[in-house]
Every structure is written in C-alpha cells, then in structure tokens.
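For reference, the structure discussed in these notes is given below.
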There are 4 protein chains.
Amino acid sequence: MAKPTGIAKAELLTAAKQCLVHNGIEKFTLKAVAEQAGVTQGTIYYHFKTKEQILLEIIQSICEDSWSELSVASKEFIQIALQSAKSRYENNVFYHKLYFTLIVIGFNNPSIKQQIADILKSENESLFKALTKLWEKSPIEGVSLESWSIFFNALMDGLALQVMVLEDFPIDQFYEELEKIVITLYQLGK
Amino acid sequence: MAKPTGIAKAELLTAAKQCLVHNGIEKFTLKAVAEQAGVTQGTIYYHFKTKEQILLEIIQSICEDSWSELSVASKEFIQIALQSAKSRYENNVFYHKLYFTLIVIGFNNPSIKQQIADILKSENESLFKALTKLWEKSPIEGVSLESWSIFFNALMDGLALQVMVLEDFPIDQFYEELEKIVITLYQLGK
Amino acid sequence: MAKPTGIAKAELLTAAKQCLVHNGIEKFTLKAVAEQAGVTQGTIYYHFKTKEQILLEIIQSICEDSWSELSVASKEFIQIALQSAKSRYENNVFYHKLYFTLIVIGFNNPSIKQQIADILKSENESLFKALTKLWEKSPIEGVSLESWSIFFNALMDGLALQVMVLEDFPIDQFYEELEKIVITLYQLGK
Amino acid sequence: MAKPTGIAKAELLTAAKQCLVHNGIEKFTLKAVAEQAGVTQGTIYYHFKTKEQILLEIIQSICEDSWSELSVASKEFIQIALQSAKSRYENNVFYHKLYFTLIVIGFNNPSIKQQIADILKSENESLFKALTKLWEKSPIEGVSLESWSIFFNALMDGLALQVMVLEDFPIDQFYEELEKIVITLYQLGK
DNA sequence: CATGAATGAGACTTCATTCAT
DNA sequence: AATGAATGAAGTCTCATTCAT
C-alpha cells in the first residue's frame, strides 16, 4: 500500500523545482507549477499551505539530497571533486541554478536562509572529513584543515557560478588543474 | 549641456539598488523604488522605459564600479584580496547581495546574463594582471596563471556567499590564512 | 429504526453553529465546520446537500428551541423577562450572536428571512399570551396588548444588541428597572 | 480647486454601502463594489488598503451621519422618534440594514465592534439629552433617565429589526402608540 | 519634470463542491 | 458512512504601466 499522497507531493515538488529553475524566481508562479505538474492550482494548495511552504520543502529535499550525496563521499578527495564536477557542474547546472536561486531568495527569507546555512555547514564538514582522510595534515602551517575545506567548498561554488554565467567555461580543464594543485599541496605537506 | 536629469536618475538607481537588496527580487517593486527615492511611480517612468531597464542600468553601474575598483588593483595581489575583503565583504555585504541577486536574475534574462558575464570576465582578467605582477609565473606546473586567477576569483565569490549566508563567518581569519597560502605558493614557484 | 445518523447530524449542526458564531459569517467555512466537528468536508456533504442547507437547518433548530423556550414561559411576564435575561443574555450571548447573524443573512436570503419572520412572530405571540395573563388589559388606552408585546420583544432584542456590543453593559440592573416599569404600568392599568 | 480624490473616495464608499446592503455580507465582493462604482478593482485598491478598510470607513461615515443627525435632535423627544421613524425606519431600511450588517460583522471584528460601540453610546447619550429636556425627571422612581434613554434606543433598534424582517409591519401605527406611552409616562412623572 | 489617478492582467489564496474508494 | 484528493470558480490583492494635468 504505497502512499499516493506522498508520491503526489513529491511530484509537485519536482515540478516546482523545474519551474523555479526554468522560469526563474520572478516567474515562479503557482499557475506555472500547476501546469508543469498537470494539476490545478487548487491541488497545490491542498498539499502546500502557501507558496513559501513549497520553497521550504524544495530546500528540505535538496538538503536531504545533499546530505546523502556528501556522506557517500568519504573516499578520496579528488574523486569527490570529479564526482561533484560530473554530477553537479556538468550535468547538473539544474541543481546549481536551483541552489543559487534559493540562496538569493534566502537573503530576504530567514527560514530559507537558515536551511541554506545548514546545507553549507554540512558541506563544509563533509569536505573536512574527506580532506582529513586524504591529507592527514594541512600542507601549509597556519592554515587549518577546516579552512582548507571551506576554501574548497567556496571554490566549488565560485566555479559553479562561472559555469552558469559563462557559456563556454571549460570546466573539465579546470578540474584537471585543480587535481594537480591538490596533489602538489599534498606532497608539500609530507 | 548640464545634466540635471542624470543626477536624478542616479538617485533613482541608488534607490533601486537598495530596494533590490533590502526587499529581494520578489518584492522588487516600482512602488517600493519610488517610495525609497521619495518620488511617485510616474516619475520612475519618466526616467526608465520599463522595470527591466532599471535592472539593466543597475548592472551597468555595477559594471563601472567593478572596472574602476579592479583597475586600481594592479599592485600586489594580497593587497587586492585584503582590500576586497575590506571593501566588499566586511562593509559591502550590500554589494555582494546585489551582485548575486543579479546573477540569479540573469539565469533567466539574457541581457543581464551577458552583462554579468562581462563583469566576471573582466574580474578574471584583472586578477590575471595582478597575479602576473605578483608571481611572474605559476607556482605549479600545468596550472596556468589564467587558471589561478579564475580560481581566486571563484574563491572570492564562494567566500562571499558563505559570509552572506553564515551569520558568524570569521572572514578576517580566512583572509589571513589565504595570505599565507598565496605566499607559500609564491615561494614554491621560485 | 435507530437513527445513528441523526445524532451525527445534530453534532454537525452544533459544530456549524459554533463556527458561525465564533468565526462570523465571512469565515463560516465548510472546512471550519468540518474541523470543528472533527470530520472531513466530505462527511458534511454526506449529511447536507449544500452549505445553505446547513444554515436552514441551523435556523430550524433555533426555531424549535425558541418555541419550546417560549411555550414554557406562560407564567408571569416578569419571570419571563428574568428568565430570558438569564438564559439568553447572561449566559447566552452565543444564542443571540447566532440569532442576529442569521437575521442579517436573512436580509439577502428569502428562505432564511421567512424562518426568522416566523420566529419573531411566534415570540410576539408568546409574549402576548404572557402579557394577557399578567396584565389582563392594557395599562394605557389606545395601546393594545399586541403592541405592548411587540414593544417588549423589540426591547429585549435591542437590549441584547447592546449587551453584545458594549462590553460592560450592566444588563442585570436594567432588568431590575424594567421590572419596576412593568409593575408600575400594571398598577396604572388597574 | 475641488478635491477630486475626496469625491472619488466618497463615491466609492457610497457604492460600497449599496453593495453591502443589496448583496449582503457574503456577496460583498470588491468586484461588486467596483462594478457598482463603475471603476476597476485596481482603483479600489488605490483608495483603500484592504477590504476591511472599506468597512471601517463605511462605519466612520455612518458614525459622522449619526452624530450630526442626533445632535440636531435636541428638541422634543417625540419629534425625535417620529423623525427617526421617518428618516430611518420608513425610508431608510437601507440605513438599518447597513447598521445591523455592520453590527454582525463587528461580532468578529474588534475594530468594527469598537466603532459600533461608540455609535451606540453616542445614541444613548443623545437620547438622554432629549429625554432630559422632555421629561425633566423620570416618571418612575428607581428608573433613571439614563436607563429610559437606553430602553428607548433598544426599542428603536428592536422595532427596526422587526420592520426589516416582517414585510407588513405597521410601523406607523406603533409610533403613534409609542407617542401615547411617552405622553402618559410624562404625565405620570409630574 | 513630476504627479496622482486609474487600469488590467495576473498573482496568491480560499472555498463549495464532487467523486473514487 | 466516511474520507482524502482534487477541482475550478471566484475572491482578495499586487504591480507594471499609462496618461491627463
């Protein structure tokens, strides 16, 4: 006895994400979500109390995705990067557009901001664990592994941004170069 | 040819920026801009053809700011970073909120996206020039100075993001650590 | 023929009355009624054909209450007044809010208006019977006992109105004074 | 230079009152008001912040009417009654429907309730002044003139109610009888 | 230059009602 | 007998835009 409600809601959320990414915040309308999901606007309100609630549940679902994605990533750091590159940058401009859109919405929406903050922190922590396994200790004195993980996370986000804005951004090349940097730093630390 | 209108227009643009940052995209209303500027909505239409035109002119003004800011920055790279830190992160969360907001708007607005792309490119170039002066050559073989500049620019943006989302982000500490990294890499390259 | 449904229906009606009084006409929603009754909206439609049907049945139930209440009241007039005061004004602001609400709904709803009219008339008649027993004849020539009964009924309603609107209305005091008036008038008529 | 705005707003209020009376609370929609006034719904929102604001301003205008109406009425009490009868009951079922509708809305709306309370109190006071001139002292010991004025006000409202609900209510006849009562009571007091 | 008034399209939201289960 | 899901019409409200003054 599968829960039809749960499925329906998940489908609505998926439709909402697609709308948010394809139409942009300004055109993120409930009518558009309804059409995308193939239901009426009333149906949306049967499942979500308000429009903001949809945004919140979108983030929550991202949050869960993010957690699972990153918790798996306790192998080698470079693999994380490449894996991220593949799963998030190359294929998933979608994911990052959604992510940045929600960040910007969060600027003026405390609840959403909080959730984004949680995601960021958990990403930083995941990267920290990965770095610990990879490097054991920081290659540069005075720069903690925590800081390195924050830097790498920031770098990922910053690169994602350039990918999204610059049409012909050669992300693959940059990941190869990043790999070299990580390796060189590792050897520096020994 | 005195330009009294130009002045008024600049004030409207300032008001518009404040609205965009303080109200967020969703509540970026011409009524709000008018109130912020202390004029009526009609007045705005005397100066701007449409709402989108305001956004475009906002971005153009940022563009000019960005150029001037970065063209000055042809001294030492670390100083750039610290200067950026001071002028943009610490004091200017405002600037970065505006910047990221426009990026996200750009996701679904080609004209704005183009301008954002131009800004990004010119920032990359400015950083490249600065790095050239600072490092002369790349500290790691196989990683071009162009790539380093892109990495640093991405890092800046990514850190800015964390500053804006995480309330208690110790940005100062990170800049000190970044300085150490830059210096270490420099010595590595000699 | 047990009527389990009948009981359920009565409960729904009670819930509906509470909603109508506590939420007001404007928020008199089937969803609210359903929640109040602890059932789903669908259940309401099992028992009532439409929303208006609920209102009609509410009024019918009041009608029955009213009749029984007043038919008992064939003793002394003053006792009626005091009894009314106790059962309707002091404790039963609820009853009067419901009553006035339905009157106002009746302004634009012929079926309801008709029922309200019936209630009013039967109240007038009951008061007339009571007055007949109490006074035998009118204390003032040219003013029929029918008129007196209408006046007293109007007075009751008007006082109820003031009770409901004025927070600190000393209804008890007024009933004592009313009693004096009734007695004085009675002696006047002898 | 007449104020066109003021006039426009007054016209909107008039239209709103007509809607409220002719359509009833349940159908008191902004669309209806707009159509009645011959403007678009947007226009209404240019003049009134919300729908509730319209109701509040309706009451305020009634309040002003009521004050002026009653302050004039410092002549003879019976004339007040007749005058009221003429201006309010016979011709102005409209006025009373509006009045009772607002009272019922006030049951669940504190701001409106407060204004209704103010109106009631000022009516009571006006009647008290009129009674003082007419009777000088109370015809029945133990019943203050204040109480008499409240009773007469309640009586007026209660009769108005019967007029509105009972199609063939002979209000004229009742006013004549009321006049006899007032006169008889007056002589009783001498 | 600037404004106040007005507009109409479209946003979010509510709600009576229906229906398969 | 009851329910949960869905609907679509309609309601309140917002907003970019226009225009006479």
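Remember, predicted model here, so these are calculated numbers, not experimental data. So you know, we letter chains A, B, ... as the sequences are listed, proteins then strands, and number each from 1.
- Here F/dT12 presents its P atom at 15 Å from CD of D/Gln53, a figure rounded to the nearest Å.
- A/Asn23 has its CG atom 15 Å from the P atom of E/dG10, to the nearest Å.
- Using a 4.0 Å heavy-atom criterion, one finds that D/Phe28 contacts the sugar-phosphate atoms exclusively.
- If you take NZ of C/Lys31 and P of F/dT7, they are 18 Å apart, rounded to a whole angstrom.
- Between A/Phe100 and B/Phe100, the ring planes lie parallel to each other; the angle is under 30°, not in the 30° to 60° tilted range.
- With A/Thr29 contributing its side chain and A/Ala32 its backbone, the two residues share a donor-acceptor pair below 3.5 Å.
- A donor-acceptor pair under 3.5 Å links the side-chain atoms of B/Thr50 to the main chain of B/Gln53, judged by distance alone.
- Between F/dA1 and C/Tyr46, a contact under 4.0 Å exists linking OP1 or OP2 to a side-chain N or O.
- When rounded to the nearest whole Å, the span between CD of A/Glu26 and P of F/dT14 equals 19 Å.
- Within the structure, the side-chain hydrogen bond (donor to acceptor under 3.5 Å, both in side chains) test picks out the following pairs touching residues 31-44 of chain B (sequence neighbours left out): B/Gln18-B/Gln36, B/Thr40-B/Thr43.
- For the pair B/Lys51 and B/Tyr45, the cation-pi test (distance below 6.0 Å, angle within 45°) is failed.
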Check nucleotides 17-21 of chain F against the protein and report each pair of N or O atoms closer than 3.5 Å, with its distance, or say if there are none.
residue: F/dT17; atom: OP2; partner: B/Tyr45; partner atom: OH; Å: 2.7
residue: F/dT17; atom: OP2; partner: B/Lys51; partner atom: N; Å: 2.9
residue: F/dT17; atom: O5'; partner: B/Tyr45; partner atom: OH; Å: 3.1
residue: F/dT17; atom: O4; partner: B/Gln41; partner atom: OE1; Å: 3.3

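- By the 4.5 Å heavy-atom criterion applied to side chains, D/Val104 and C/Ile103 are not counted as neighbours.
- Seen from the ring of A/Tyr95, A/Lys17 does not count as a face-on cation partner, given the 6.0 Å and 45° thresholds.
- Comparing A/Lys27 and D/Gly38 along DNA chain E, the residue whose closest nucleotide (by nearest heavy atom) sits nearer the 5' end is D/Gly38.
- In this model, the phosphate group of E/dC15 is approached by a side-chain N or O of C/Thr29 to a distance below 4.0 Å at OP1 or OP2.
- Considering only side-chain N and O atoms, B/Thr40 lies nowhere under 4.0 angstrom from the phosphate OP1 or OP2 of E/dA2.
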(request) Map every base of DNA chain E to its dot-bracket character, where paired means a Watson-Crick or G-U wobble contact with both distances under 3.5 Å and | marks a partner outside the strand. (result) .||||||||||||||||||||
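- Note on C/His47: a side-chain N or O is less than 4.0 Å away from OP1 or OP2 of F/dA2.
- Donor-acceptor pairing under 3.5 Å is lacking for the side chains of B/Asn108 and A/Glu26.
- Across E/dA11, F/dA2, F/dA6, the shortest atom-to-atom separation from the side chain of C/Thr43 is found for F/dA2.
- Separating the CD1 atom of D/Ile25 from the P atom of F/dG11 is a distance of 16 Å, rounded to the nearest angstrom.
- Using a 4.5 Å heavy-atom cutoff, the side chains of D/Lys27 and D/His22 are not in contact.
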